[in-house]
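Written out below as structure tokens is the structure these notes cover.
Each chain gets a letter, A, B and so on, in the order the sequences are listed, and its residues count up from 1.
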Amino acid sequence: MESLLNLWHASGIYNITPGQIVMILVGMLLLFLAIRKNFEPLLLVPIGFGGIMANIPEAGLAFSAVENALNLGGPEVIASIADALGVSSADPAALKDAYVNSSAKAHTAAIYAANDAGYSNGMMYNFYSVAIASGVAPLLIFMGVGAMTDFGPLLANPKTLFLGAAAQFGIFATVLGAVGLSTLGLMDFTVQDAAAIGIIGGADGPTAIYVASLLAPDLLGAIAVAAYSYMALVPLIQPPIMRALTSEAERKIAMVQLRHVSKSEKVMFPIVLLILVAMLLPDAAPLLGMFCFGNLMRECGVVDRLSDTAQNALINIVTIFLGLSVGSKLSAEAFLDVETLGILLLGIVAFGIGTAAGVLMAKLMNNLQGGNSINPLIGSAGVSAVPMAARVSNKLGLESNSQNFLLMHAMGPNVAGVIGSAVAAGVMIKFVG
Amino acid sequence: MDNLMSEGLNLMVFGMGFVFVFLTLLVIATGFMSKFANKFAPEPAPQAAKPAPRAAAPAASAGNDEVVAVISAAVHHHRNK
């Protein structure tokens, strides 16, 4: 009877909290969206599954050794950790705060105390430390994206870089929105949080995760989920905004064929970009450096094997770990919060403003150049979701004029948007990091 | 609280300004780069380079010069028969 009772007390059903039930349902919702609705399945399947695993009661997969000891350990374990931290409290929540804010020495002592009591880091906590806390996974993904990116359309028409710049307005407008919500007392975001939330508007998953891991690790789960969900929703969010801001005549504008871009230009471009980053904004160097490296491997033509690995095998491996690590941040206490709602709301606003700013910039450039050379529909591709945003531009162009193929023209602002959002990320890290 | 708001405004003005300055410089740098590339390394270059290695390959094996000369003489002789 005694052992039967023990088994019952160790079971998931006995220990599960309402928050964990809700988060497991959220994880299943993400899986449903990915599998049935085809929303960014490559990311949302690992994230959703990771979210479910992170909320398995008693397993503590998403927690560090000390957190596990505080959650699961008896009074004597908690006392030994309190002793290691030099705190007299016996309340696990207070001890967690003390642990987070402790000096490196007390921090290490607490970890040893937890290890002595037989507790270790959860598997997903380890994934998170290796993949995201260290910054490795988003950067490797950025390298893969660089290896997949063809800068040809951008080099043929460098002015489209302005469209990529304009679309970043969504990022900064959202920062203001998040700060405004805090000022009004509706939410509680610091400037760092606001900056990390704004990056969702760049529509660039790895950049958003990279910035969030540096500026607001607590919000990372919500930010990553918002960023990837909205990237999947690009074909739904953008067209109404694009239609509202352009006239039928503007949508009909056919653009001239892009000039041929030589191989030497493509080889030199990543190096020029890297030098510019090194000179002006070293804080963006990790992101843009890896991006340029990936692109150089692609274009130089002598390391095809490396380029092939970066854009296929490696990016797939990293995506698995990145997704599971993001899932580990979907714990009930961090996610079930009014701030998550704020993040989801601000994210979609960021997206909309970015799209609008890109289209308006394209209209302005078109008017400055005589009104018949730039189709404003390509402006919306300045948000970086590659190549989805460019496809949306192409689709709307074809609706108005069945002979008007805008895809290659929209790829220019699209890859410019990747550069733009990485630069914006560098600025954020520099100013508020 | 107002402090937070002004911090946000600052970030927006500086950030957006910086993004534009950076990408403007990139437009200029790209323009220069394209001019430079097309002037000093024009596209047909790789095609022109192709025959060169072929001509260079026999020259590399300088020790075989005699053999080549003998064989070509033999072929020549054979053809003229």
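When every heavy atom of A/V179 is checked against every heavy atom of B/G8, the shortest pair comes out as CG2-CA, 4.2 Å. Closest non-hydrogen pair, A/R259 versus B/S34, comes out as NH2-OG, 3.5 Å. For the residue pair A/S262 and B/N38, the shortest heavy atom distance occurs at OG-OD1, 3.4 Å.
More than 12 non-hydrogen atoms from other residues, nucleotides or ligands lie less than 6.0 angstrom from CZ of B/F18. Counted within 6.0 Å of CZ on A/F169, heavy atoms from surrounding residues, nucleotides or ligands total 12 or fewer; the atom is thus considered open.
Of all the listed residues (A/V175, A/L273, A/T160), the one sharing the greatest number of non-hydrogen pairs under 4.5 Å with chain B is A/L273. Chain B forms the most heavy-atom pairs under 4.5 Å with one residue out of A/A166, A/G164, A/A173, and that residue is A/A166. Chain B forms more heavy-atom pairs under 4.5 Å with one residue of A/I419, A/V423, A/V432, A/I171 than with any other, namely A/V423. Per-residue heavy-atom pair counts under 4.5 Å with chain B were compared for A/V427, A/L176, A/I275, and the maximum is reached by A/L176. The candidate with the highest count of non-hydrogen atom pairs below 4.5 Å against chain A, out of B/V13, B/V21, B/T24, B/L25, is B/T24.
Using a 4.5 Å cut-off between heavy atoms, A/V272 contacts chain B through its side chain alone, with no backbone atom that close. Within the 4.5 angstrom heavy-atom criterion, no atom of A/A194 approaches chain B. For A/V267, no part lies under 4.5 angstrom from a heavy atom of chain B. Contacts of A/A178 with chain B are absent, with no heavy-atom separation under 4.5 Å from either backbone or side chain.
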Contacts under 3.5 angstrom, residues 355-364 of chain A side chains, donor-acceptor by atom type, not counting sequence neighbours:
| from | atom 1 | to | atom 2 | distance (Å) |
| --- | --- | --- | --- | --- |
| A/T355 | OG1 | A/Q238 | NE2 | 3.1 |
| A/T355 | OG1 | A/F351 | O | 2.9 |
| A/K363 | NZ | A/L245 | O | 2.7 |
| A/K363 | NZ | A/E250 | OE1 | 3.3 |

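Every residue two or more places apart in sequence or in another chain was checked for a salt bridge (charged side-chain N to carboxylate O under 4.0 Å, His left out) with A/D218, and none qualifies.
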